[in-house]
Amino acid sequence: MKTEEKISNGVNIPPRYDPKETEDKWYKIWEEKGYFSARVNPDKKPFSIVIPPPNVTGMLHMGHALNNTIQDILIRYMRMKGYETLWMPGTDHAGIATQNVVEKKIAKEGLRRQDLGRDKFLEEVWSWRQEYGSTIIHQLKKLGSSCDWERIRFTMDEGYSKAVLEVFIHLYKKGLIYRGRRIINWCPRCQTALSDEEAPHKDLDGHLYYIKYPLKQTSPVKKSKAKKQKDDFVLVATTRPETMLGDTAVAVNPKDKRYKHLIGETVILPLMEREIKIIADNFVDTSFGTGAVKVTPAHDPNDYQMGLNHNLEIINIMEHDGVLNSNAGDYQGMDRFEAREAIINDLGERKLLEKTTPHLHSVGHCYRCSTVIEPYLSWQWFVNMKPLSLPAIEAVKKGVIKFYPKRWTKIYLNWMENIRDWCISRQIWWGHRIPVWYCVDCGIKKGKIKEVESGPDKSKSYVIRDPDAIVAHEAPDKCGTCGGNNLIQDEDVLDTWFSSWLWPFATFGWPHQASAQSKQKNELEYFYPTSVLVTAPEIIFFWVARMIMAGFEFRGKKPFSDVYIHGTVRDDTGKKMSKSLGNVIDPLEIINEYGSDALRFSIMSLTSAGQDVNLSKNKFEYGRNFANKVWNAARFIIMNLDSEKINSDVCLCSKKIDNLPERWILSQFYGLLEKLEKSFKQYKINEASKLIYDFFWHDFCDWYLEFSKLTISDPDTQIVLYRVLEKILRFMHPFLPHLTEEVWSNLPQREGLIINAPWPKMQKELVSKTADKQMQLIIDLITSIRNIRGEWRIPPGAEIECIMKVTDKNIKKIINDNRRYLQKLAGISEVKILEKITKVKSSASGVIGKIDFYIPLADVIDLAKEKERLLKQVDSFRLQLKGLEARLKNKQFLKKAPPQVVESEKEKSKELAGLIKRVCDNLEALRQ
RNA sequence: GGGCGGUUAGUUCAGUUGGUUAGAACGUUUGAUUUACAUUCAAAAGGUCACAGGUUCGAGUCCUGUACCGCCCACCA
């Protein structure tokens, strides 16, 4: 009913903004009308962003919400600024993650992927992706993301896969990709190799086990050499006792006096009863543990290196799943951790476990499933990264690519300068299969391939060492050496990041046919390098650094100019949001409850550039309330507009507007425009959102709209209300796209949709310091009078009188011109301006600038209380003055401080002294 | 072991190239409701800017160190 009554101007706008009514509606219109699509346009400058492709298994979380809101704001902002904007969307096939999901799914039917076989299993994955793969895309749309969806890419698309193969072959031919036998990070659960980046180290409370390795009794000569020491055994310390089963030496530092005499001696490896040598190696740190280290070449990278150096036997004791194999003697068939306990037990029983101490150490974990990584010796494919890193280092050092905030530069460079070879082969099925074939016949002949039977069905498979590789785009027909056609393809697939690092150009269809000047080729030329990459700190090494290397290697150009690294989304106690902690806030729930715009606005305002953000659900009220405020202010204006009066294209700067509030709000608006530009340039988007919020809520609504109510039908007020509203809506559009589009559609005069409206242009002539200053005086007066009303509990209905003492003619004019505003907003019945005031009895008083004002309050005033109030004021003034005077007495200050600072200090102190005197006079008057 | 970030009002956070009365939001207190909005309006209270030194006429801001919290990196058997 309330709504019905308020219909005015023929418009009916509900008093409460309902996002549900508008968000999907406008998104559909934008998408259908093609506002998100970008094409080569030589008349415009390009602005492009490639989305960090979410995992195809992904569900929208707050991190995505933050990441994509930032990108959408930048895209919408630049679109309005007249750039040809492209936001390239897509998803990542996420090898291990996706395979895990599908494996879990078929496990419900009691199946393992091996039961299906490779081809069948991949079919399952593809059909899973068909069904669920666009979930995250729908969710991104709910957020309002203005991606060019016609271009959506997937890292397993046919074209994209070609790029991956091309790159593999290119690097192989260049000698940068090789197959090698190395200790890599092995996840026994996912049963694949991982790169160093995929095995983050976490501190774990473990133990250091001190184990006695008995010395084999040798010649008595040597034994006597040892002082009093009982050389019955060598004590070694280890955190992973189960690996001792694969020990093939004990190492000591050659300089270590404790052990010098034992070098070359033999010890008996407990439990296995194997004779192993004591070797000397500089690697051994004399200060750690006992100074003697067990050497397990197959299960520790350092030990492996020592094994190579000393030509030690390499004994692998473990299967792919972390279960000990036949090399583990009695422990065969036990899981690695089960074996650890058994071994400790057995050693204890044999009195070979000297002691166990608690030991905090850092252990690698699988970044997909958190299983403890096993350093594992195997044949894998690697990329030699060093040569690729050089241009990538230089580009960042020279500022060709800039990080925001700057501090990430150092972190990037540190990693890049210490870059290590990248293990790119994965023992999974979902991914880009390595384009390498081997000739079985040649391989067997050379002893590089062994045929084995495995599985219950005794099917044939091959153990491949390092036979000659045939690297090709397509499966070759026959072996180039023997002409045979018994060829097998490498079983492994490539690391998912081996495809992601090509994202900025592979999404444009690279590599293109050399022949034609294809459309895609033009697009790549036009949109690449992209403008900015917006991402989270976790993937600087995984992705950002590698994209930079790939950009230079394959395109000869940087992939992007700026890298904006935003913070991590945390819960209100500062913990990272994660499903396992159960502290996630679901963005979709927030969208449902508060609206997508509220989510966007809140998260952006709360996140200062590059800083982590702590969220709790109630914080989204901030954006919801703001959206509602915008809605209602617009509602008020629209209902009061007279379309004839606003029907004017006149430039506001040429139109003479005299009224102070109008001049002031225009001045504020264009001041805001300038500040916004600055904030955007530095990616300080939260600053921009706060500027808009403050201007709109406080300057525009709290002050200007209230002022405007007095002159609402004046043509000047009408024009200013309308123009400022429609322009501020444009500022808001990147943050609140749906709401602003809806409000825009309610404006009586508008062109097209706001998504395409040009960003307002600066009009310097409208920025007026005079207007700002004059208005500030009026605002201060009103605030001061309101304060008195509050202090004296004067009911809002009660009108009071205000007597002002003003001598300055200009100020008198300002007050006179604007007295109606004072009366209305401070609730004053009459403003009397006098040049001299002899005495105002029983009144509250105040001093604002050059004005003394008095409010007679005979009925309510408590003189003692008023005295106290004034005294408090004087005290605060005096305190300030004291500081100022001290400074002005300081000769150093007068000598060294810039003259304008000294000058302004002098002025201030004069002003303060004046104020103090006037308040004191008022106090004196109270006494009489 | 190395590096980075943080420490400002009860809470969550801003704070430009150092400039003198350190801001906001939420919460609290007081008052307001027929006339855009209670998802509102007006007003108030609330801070020795983690600590200790230093540079400077002047430090929340720059430098050094300390403490606590968080993060990243490292071949810590």
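Since we're looking at a predicted model, the values are computed, not measured. Throughout, a chain's letter reflects where its sequence line sits, starting with A, and its residues are numbered from 1.
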Could you tell me how far [M] sits from [N] if I compare only their [atom1] atoms? Round to whole Å.
| N | M | atom1 | value |
| --- | --- | --- | --- |
| B:U8 | B:U61 | C1' | 12 Å |
| B:G23 | B:A14 | C1' | 7 Å |
| B:G1 | B:U48 | C1' | 37 Å |
| B:G65 | B:A45 | C1' | 38 Å |
| B:U40 | B:C26 | P | 7 Å |
| B:C4 | B:A77 | P | 25 Å |
| B:C51 | B:A67 | P | 16 Å |
| B:C57 | B:C72 | P | 44 Å |

Whole-Å gap separating [atom2] ([N]) and [atom1] ([X]):
| X | N | atom1 | atom2 | result |
| --- | --- | --- | --- | --- |
| A:N686 | B:U16 | CG | P | 12 Å |
| A:Q892 | B:A59 | CD | P | 14 Å |
| A:N632 | B:C41 | CG | C1' | 13 Å |
| A:D612 | B:G6 | CG | P | 11 Å |
| A:K690 | B:U16 | NZ | P | 13 Å |
| A:L879 | B:U21 | CG | C1' | 9 Å |
| A:H566 | B:G5 | NE2 | P | 18 Å |
| A:L413 | B:C4 | CG | P | 13 Å |

Taking A:K684 for its side chain and A:S608 for its backbone only, find out whether a donor-acceptor pair lies under 3.5 Å.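 No; judged by distance alone, with no hydrogens or angles, the pair does not exist.
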Return yes if some donor-acceptor pair links the side-chain N/O of A:R624 with the main-chain N/O of A:E593 below 3.5 Å, else return no.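 Here the side-chain-to-backbone pair does not exist.
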Are the side chains of [Y] and [X] in contact, using a 4.5 Å heavy-atom criterion?
| X | Y | answer |
| --- | --- | --- |
| A:D571 | A:L615 | no |
| A:Y304 | A:L377 | yes |
| A:M306 | A:D300 | no |
| A:L705 | A:L721 | yes |
| A:W415 | A:I540 | no |

Please determine, for the side chain of [X], which listed nucleotide ([options]) has the closest atom?
| X | options | value |
| --- | --- | --- |
| A:Q611 | B:U21, B:A43, B:G6 | B:G6 |
| A:Y693 | B:A43, B:A25, B:A42 | B:A25 |
| A:A897 | B:U39, B:C13, B:C57 | B:C57 |
| A:K410 | B:G3, B:U30, B:A43 | B:G3 |
| A:N890 | B:C13, B:C57, B:C4 | B:C57 |
| A:R407 | B:U21, B:C4, B:A43 | B:C4 |

Paired and unpaired positions of RNA chain B as dot-bracket, Watson-Crick or G-U wobble under 3.5 Å, | denoting a partner strand: (((((((..((((.....[...)))).(((((.......))))).....(((((..]....))))))))))))....
Are [X] and [N] close enough that a side-chain N or O sits under 4.0 Å from OP1 or OP2?
| X | N | result |
| --- | --- | --- |
| A:W697 | B:C41 | yes |
| A:S608 | B:C13 | no |
| A:N618 | B:C26 | no |

Touch check for [X], heavy atoms < 4.0 angstrom, all strands: base, sugar-phosphate only, or nothing?
| X | answer |
| --- | --- |
| A:K709 | base |
| A:K895 | nothing |
| A:H698 | sugar-phosphate |
| A:R793 | sugar-phosphate |
| A:R624 | base |
| A:S616 | nothing |
| A:W703 | nothing |

Would you call the rings of A:F626 and A:F601 parallel, tilted or perpendicular if under 30° counts as parallel and over 60° as perpendicular?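 Judged by the thresholds at 30° and 60°, the geometry between A:F626 and A:F601 is parallel.
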Pairs involving residues 197-206 of chain A, ordered by first then second residue, that meet salt bridge (charged side-chain N to carboxylate O under 4.0 Å, His left out) (sequence neighbours left out):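 Applying salt bridge (charged side-chain N to carboxylate O under 4.0 Å, His left out) to every pair that reaches into residues 197-206 of chain A, excluding sequence neighbours, yields A:E197-A:R546, A:E198-A:R426.
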Polar side-chain contact A:E621-B:A25 base: donor and acceptor under 3.5 Å: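 Answer is no: no donor-acceptor pair is held.
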Would the base of B:A14 count as contacting A:K684 through its side chain, where contact means a donor and an acceptor less than 3.5 Å apart?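 It does not, because no donor-acceptor pair links the side chain of A:K684 to the base of B:A14 below 3.5 Å.
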Which sits closer to the 5' end of RNA chain B, A:K678 or A:E791, going by the nucleotide each is nearest to?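 Comparing both residues, the 5'-ward one is A:K678.
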Pick the nucleotide of RNA chain B nearest each of A:N787 and A:N628; which residue has the one closer to the 5' end?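 Mapping each residue to its closest nucleotide by heavy atoms, the 5'-most match is A:N628.
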Can you check each nucleotide of nucleotides 71-77 of chain B against protein heavy atoms at under 4.0 Å and return B for base, S for sugar-phosphate only, - for none, in 5' to 3' order? --SSBBB
Does A:Y376 have its ring centroid less than 6.0 Å away from the ring centroid of A:W186?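 Aromatic pair counts; centres sit under 6.0 Å.
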Using ring centroids (six-membered ring only for Trp), state whether A:W697 and A:Y693 fall under 6.0 Å.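 Judged by ring-centre distance (under 6.0 Å), A:Y693 and A:W697 do meet the cut-off.
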Looking at A:F700, is A:K629 sitting on its ring face, NZ or CZ under 6.0 Å from the six-membered ring centre and within 45 degrees of the normal?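 Checked: cation-pi criterion not met.
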Go through A:V293 and A:F288 one step at a time and tell me if the side chain to side chain contact (heavy atoms under 4.5 Å, CB included) criterion holds. CA-CA 9 Å; A:V293 53; A:F288 189 92; over 6 Å; no
